[in-house]
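Below: the structure, in structure tokens.
Computed from a predicted model, the values in this text were never measured in an experiment.
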2 protein chains.
Amino acid sequence: MENQQDNAPCVGHDFSACSKRIAAVHDTMDVLNGKWKIAIISLLGFGTRRYSEILKEVEGISGKMLSRELKDMELNLLVKRTVVSEQPIAVAYSLTDYCVDLLPIIHSLAEWGTKHRQVIVQQIKGEPVLEMG
Amino acid sequence: MENQQDNAPCVGHDFSACSKRIAAVHDTMDVLNGKWKIAIISLLGFGTRRYSEILKEVEGISGKMLSRELKDMELNLLVKRTVVSEQPIAVAYSLTDYCVDLLPIIHSLAEWGTKHRQVIVQQIKGEPVLEMG
DNA sequence: CTGCATCCTGGGCGATACTG
DNA sequence: CAGTATCGCCCAGGATGCAG
């Protein structure tokens, strides 16, 4: 699979390298779908959190969505759910070792986001006010 | 911003590192929103493509969505649009240098997706899944 | 060929109330 | 505190048709 250069053009019938890569990325984004999962992973990357803590620290998420996302992520082996105490109930969530592999990627995403914000700001300041659709 | 260890727990008032990172990732995912942009970038990472080529190679995308995504990505300086010929009209799309920075990340995403697919298949087959955490 | 307008549907997601 | 149930909005995105 890796005898293909990253930036080599893929013309004609050298089709499969492209589509395989696209499919693989699709698999990942399928698991990371929705508005919240990446943020949750990013947060849990800083350490174990309880349900209510995530609710507070992930700005804007509702309880329903948090439950749903967490359950989904558990099924996909991204997070581990641990009942800490029964009365009152407390549940802790942490990343699986396997999901930890995503952290460097997500970190890169964060860095790019920071850079992008600057680039766009420059564009807006620099350009002679063009009306954007 | 980087005096924070990647895996250091962020408790109590060490709140801002978490939320800043989350916000930055959010910025990126905001730009990469929707079902198609990452796939398009991944494809264009293999080389310049024409509109109709992208339409064929990105499995499942409709013409409307492709136009929309491409326009959006152009505004965000992710792709460059070049009119190749007028009669009949032909348009080539390529990644900006700046968007090329995303390729390694997307490549990592692809690798993780491949791995994940295997893990999930193992899990479904009931094979002893690796012990997490 | 490239790309826009229109119509339409599914489901993602928010708000709120409720259970254990 | 953790999680579910219900209701409903809204918009991403599919299908189709038209225009330059």
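The distance from atom CH2 of A/W36 to atom P of C/dC13 is 8 Å, rounded to the nearest whole Å. Computed from coordinates, the A/N33 CG to C/dG12 P distance equals 8 Å when rounded to whole Å. The separation between A/L66 atom CG and C/dG12 atom P is 17 Å, rounded to whole Å. Here the P atom of nucleotide D/dG14 and the CD1 atom of B/I61 are 8 Å apart, to the nearest Å. Nucleotide D/dA2 holds its P atom 15 Å from the CD atom of A/E74, rounded to whole Å. The nearest whole Å value for the distance from the CE atom in A/M65 to the C1' atom in D/dA5 is 15 Å. Counting to the nearest Å, the C1' atom of D/dG3 and the CG atom of A/L70 are 11 Å from each other. Taking atom CG on B/D72 and atom C1' on C/dC4, their separation rounds to 16 Å, with Å as the unit.
OP1 or OP2 of C/dT2 has at least one side-chain nitrogen or oxygen of B/S52 nearer than 4.0 Å. The phosphate of D/dC1 has neither OP1 nor OP2 within less than 4.0 Å of any side-chain N or O from A/R50. Regarding contacts with the backbone of C/dT2, every side-chain N or O of B/K71 stays at 4.0 angstrom or more from both OP1 and OP2. For D/dG14, one of the phosphate oxygens OP1 or OP2 lies less than 4.0 angstrom from a side-chain nitrogen or oxygen of B/S62. Residue A/R81 places no side-chain N or O under 4.0 Å from the OP1 or OP2 atom of D/dA2. Contact annotation: A/K64 does not reach the phosphate of C/dA17 (side-chain N/O to OP1 or OP2, under 4.0 Å). The phosphate of D/dC1 has neither OP1 nor OP2 within less than 4.0 Å of any side-chain N or O from A/Y93.
In this structure, the side chain of B/T96 engages the main chain of B/L77 through a donor-acceptor pair within 3.5 Å. Checked by atom type and distance alone, the side chain of B/Y51 pairs as donor or acceptor with a backbone atom of B/G63 at under 3.5 Å. Looking only at distances, a side-chain donor or acceptor of A/S85 sits under 3.5 Å from a matching main-chain atom of A/P88. A side-chain donor-acceptor contact under 3.5 Å links A/K37 to the backbone of A/N33. Proximity of a side-chain donor or acceptor of A/T28 to a complementary backbone N or O of B/G113 within less than 3.5 Å is detected. Between the side chain of A/S42 and the backbone N or O of A/I38, no donor-acceptor pair lies under 3.5 Å.
Comparing D/dC1, C/dG14, D/dG13 against the side chain of A/P88 picks out D/dC1 as the nearest. Distances from the side chain of B/R68 to the nucleotides D/dG13, C/dG3, C/dA15 place D/dG13 closest. Residue A/I89 places its side chain closer to D/dA2 than to any other of D/dA2, C/dC4, C/dC1. Distance from the side chain of A/S67 is smallest for D/dT4 among the nucleotides D/dA15, C/dC1, D/dT4.
Place B/K35 and A/K56 on DNA chain D by their nearest nucleotides, and A/K56 ends up nearer the 5' end.
Using a 4.0 Å heavy-atom cutoff across all strands shown, A/G34 reaches sugar-phosphate atoms only and no base atom.
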